[in-house]
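The next block holds one structure in the form of structure tokens; read it before the comments.
Just so you know, these numbers use all the heavy atoms, side chains as well, and skip hydrogens, waters and symmetry mates. Every value quoted in this text rests on a predicted model; they were computed, and no experiment measured them.
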Protein chains: 2
Amino acid sequence: MATPLDKARQNPNSMKAKILTSARRLFGTYGFHGTTTRMIAKEVGIDISTLYYHWGEKGDLYEAVVLDINEGMRSKLAELEKKIKGRPLSERLRIAIDEMVEYLFERPEISNLTIFRYFTKNRHESTFDTKVPEFISDIAYSMGLTESRKKCPAEAKMQVLAIINAIHNYVSGESFFLPMLEVDREEYIRQAKETIKFFAIPSFTKSVQ
Amino acid sequence: MATPLDKARQNPNSMKAKILTSARRLFGTYGFHGTTTRMIAKEVGIDISTLYYHWGEKGDLYEAVVLDINEGMRSKLAELEKKIKGRPLSERLRIAIDEMVEYLFERPEISNLTIFRYFTKNRHESTFDTKVPEFISDIAYSMGLTESRKKCPAEAKMQVLAIINAIHNYVSGESFFLPMLEVDREEYIRQAKETIKFFAIPSFTKSVQ
DNA sequence: AGCTGTTTCCATCATATGATGGATTTTTAT
DNA sequence: ATAAAAATCCATCATATGATGGAAACAGCT
């Protein structure tokens, strides 16, 4: 069964898809309450009622955006997992961190929205399935932190969360952190990669090999 | 010259202070746009106009909240710096991380609001002095990552940011992460401390001593 | 008690915002 | 070319929200 989201993804030039793209960016920048349907409609260049025609109420559009970025993350991680399979841990970390940082700096709305979802509440109870990212366990598994994807210890999950969140932090915090570091964007991204590897590699390669 | 904020801090039972406390919590939970002046007034148990009488417009109250939590962080860090002075690096890290995590889990609004400020824009341009936390450099200095507080290299600042943000993430993300870890709150806090030390200690003690 | 300055609340306003009905235009299929 | 379906826009509503003026209640002082 094709959901509205599937339909939007099929044709990136469809109005549904255009709206979704703007909504991703704006919800990511200003949050749920900080973004109005009028702002989204204006960015797309359509009337507000056209937006409602395609996506229904604001909360439904937001939900679609969340599902969309979750799917993006899921598939990127699956791709990464294949690529690093069989290599030694420190190399796996290096590749995974470099690629993930690149990927997210090109799509900052993903980090913005993820952080929004983690750290803030919406006043209107988000009834829809929160879909807690189960890929946290997958990453832990592919890093050799757990024997089984299902029974992943809390400790391992916490460690994976730390790394992922650190990436999101640098991506999402660019406009805040970059000025205080007095470097250019390229250097900032490089430093983000290096810093995360600086923390991840010695820690993980000490115990696990 | 005593600012309105100073006045509020002088007497924690004053109406000004009560409003500030509720505002801290609510802005931290729902963000600037997600929090209405009516919500704050209701939590305090006063009429909305009383709130405006004391703090003026919403943006001014928000600004006061930000300054307030910044001051809290600043003084806590100063206290910590004294306490760890002279000890070996790994011990300094252990103490600082443990205490900072405790401090913030008792005042989650600080982490919530800090993250909000880092990672989201307010639609109404925040004209007021952003006060980029200059204590990042202070921490770097007290960890021996830089010779001078003034000329702290970007690399060191990035590393300090990573640690601070990691703490904020665990504090602020409790309601999201705790359910997916299937542990109780106490264990969650313990794990947060351990995980951050897991990353910080090997990385820093490898090069610096 | 009576006066004065402070604090609080009630009523109200203007605007922003989410949402919709219905007319109009555009597209698609025959 | 025409009819049906799909997409878009205009006008409008109800409510939420930030903000304020002015009356009432309160506190401190003589």
Tell me which nucleotide among D/dT8, C/dG18, D/dC10 gets nearest to the side chain of A/Tyr52. C/dG18
Counting only side-chain N and O atoms of B/His54, is one of them less than 4.0 Å from OP1 or OP2 of C/dT8? yes
What's B/Thr35 touching, base or sugar-phosphate or nothing? Going by heavy atoms closer than 4.0 Å. sugar-phosphate
From D/dT20, D/dA19, D/dT8, nucleotide with atom closest to B/Lys58 side chain: D/dA19
Protein-nucleotide distance (A/Leu26, atom CG; C/dT17, atom C1'), rounded to Å: 15 Å
Counting side-chain heavy atoms from C-beta on, which of C/dC10, D/dG18, D/dT12 comes nearest to B/Arg38? D/dG18
Validation row, ring centre B/Phe198 to ring centre A/Phe204 under 6.0 Å: yes
Whole angstrom value for the distance that separates P of C/dG21 from CG of A/Asp47: 15 Å
Between B/Lys18 and B/Val44, which heavy-atom pair has the shortest distance, and what is it? O-CG2, 4.0 Å
Quick one: label B/Ile48 by what it contacts on the DNA or RNA (base, sugar-phosphate, nothing), any heavy atom closer than 4.0 Å. base
Rounded distance in Å - OH (A/Tyr30) to P (C/dA16): 16 Å
Out of C/dT17, D/dG18, D/dA7, whichever nucleotide has its closest atom nearest the side chain of A/Tyr53: D/dA7
What is the distance from atom CD of B/Glu182 to atom CD of B/Glu187, rounded to the nearest 0.5 Å? 12.5 Å
Can you classify the ring geometry of B/Phe32 versus B/Phe27 as parallel (below 30°), tilted (30 to 60°) or perpendicular (above 60°)? parallel
Considering just the side-chain nitrogens and oxygens of B/Ser49, establish if one lies under 4.0 Å of OP1 or OP2 belonging to C/dT8. no
